[in-house]
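Structure first, then comments.
These numbers come from the heavy atoms of this one structure, side chains and all, not from hydrogens, waters or symmetry mates. Whatever order the structure lists ligands and atoms in, that order sets their numbers, starting from 1.
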Amino acid sequence: MPKHFLITAGPTREAIDPVRYISNHSSGKMGYAIAGAAAHEGHRVTLISGPTTLDVPHGVDFLPVETAQEMYEATERYIKKADIAVFAAAVADYRPIAVPDQKIKKSSDTMTIELVKNPDILASARSQFGFNGTLIGFAAETENVIENARGKLERKQCDLIVANDVSRKDIGFNTADNELNLVFPKKVSSLEKASKTSLAMELVNIALELNQGE
Ligand code: CTP
């Protein structure tokens with residue numbers, strides 16, 4: 001039976017002034033690959049994405065956003081209809097506290113930008129949005145990959161955290177390949193290094209199995 005996937009992907013962009021922003025190196029490839037794989041298998045897919053250069057996969061409902069706040073609001077609106085939610089976005093943890101209307105001019109040799117925490121969209125899925133479906137998060141780690149992922153799994157009440165080691169140059173951010181650690185509440189496994197497209201197909205199947213078990 002076709003399921004409804006909600007997927008967040010890509011980076012978010014947080015304005016500093018009208019011409020500058022804070023962001024990160026997320027390409028969006030992993031999230032788009034999952035969206036494409038799920039749609040290809042005949043599932044309904046809502047893809048909520050920050051700015052990327054990728055083509056929107058065929059057959060996907062696409063909701064482009066810029067900021068973490070916009071991604072939060074779009075997710076809150078659409079997650080209720082989903083069976084499976086996959087949070088692959090690299091959401092900026094903080095945003096500038098105030099954004100001036102005019103471009104900031106250079107003056108002193110140093111400058112400080114005060115930041116305020118963005119809402120945690122994944123952590124809000126169960127606690128704020130009341131989502132009861134299968135909840136999958138990602139963790140980009142540079143050390144203690146499994147332990148950190150387990151902490152996120154518990155804190156954000158997920159069924160699975162897909163963790164990758166971003167300290168490695170050959171996989172992860174902005175590369176075609178990835179190698180993934182899968183941290184479930186009661187077990188840990190891994191997916192060998194492969195293209196993001198083939199890993200995406202495996203993740204869609206794992207998500208469907210988790211959803212069957214609920
Ligand atoms: N995430 C989110 N909203 C945020 C931050 C993160 O939805 N504001 C989601 C990401 O899409 C990803 C997971 O949470 O699925 C990983 O987030 P991460 O920032 O690595 O976790 P934190 O608990 O914030 O831990 P850290 O201290 O490592 O930043």
For Lys81, is the NZ atom crowded, meaning more than 12 foreign heavy atoms sit under 6.0 Å from it?
no
Taking the side chain as everything from C-beta on, heavy atoms only, tell me whether Lys103 gets closer than 4.5 Å to Arg20.
yes
Hey, which residues fall under 4.0 Å of ligand 1 on heavy atoms?
Phe87, Ala89, Val91, Asp93, Pro119, Asp120, Ile121, Leu122, Gly137, Phe138, Lys152, Arg155, Lys156
If we check side chain to side chain contact (heavy atoms under 4.5 Å, CB included) with Ile161, which of these qualifies: Leu153, Asn148, Ile146?
Leu153
Ring centroids only, cut at 6.0 angstrom: are Phe129 and Tyr78 within range, meaning strictly under it?
no
Do Asn178 and Asn164 have a side chain donor and acceptor closer than 3.5 Å?
yes
Show which side-chain atoms of residues 121-128 pair as donor or acceptor with protein atoms under 3.5 Å away, not counting sequence neighbours.
| residue | atom | partner | partner atom | Å |
| --- | --- | --- | --- | --- |
| Ser124 | OG | Asp120 | O | 2.6 |
| Arg126 | NE | Gln157 | O | 2.9 |
| Arg126 | NH1 | Phe131 | O | 2.8 |
| Arg126 | NH1 | Gly133 | O | 2.9 |
| Arg126 | NH2 | Gly133 | O | 3.1 |
| Arg126 | NH2 | Asp159 | OD2 | 2.9 |
| Ser127 | OG | Ala123 | O | 2.9 |

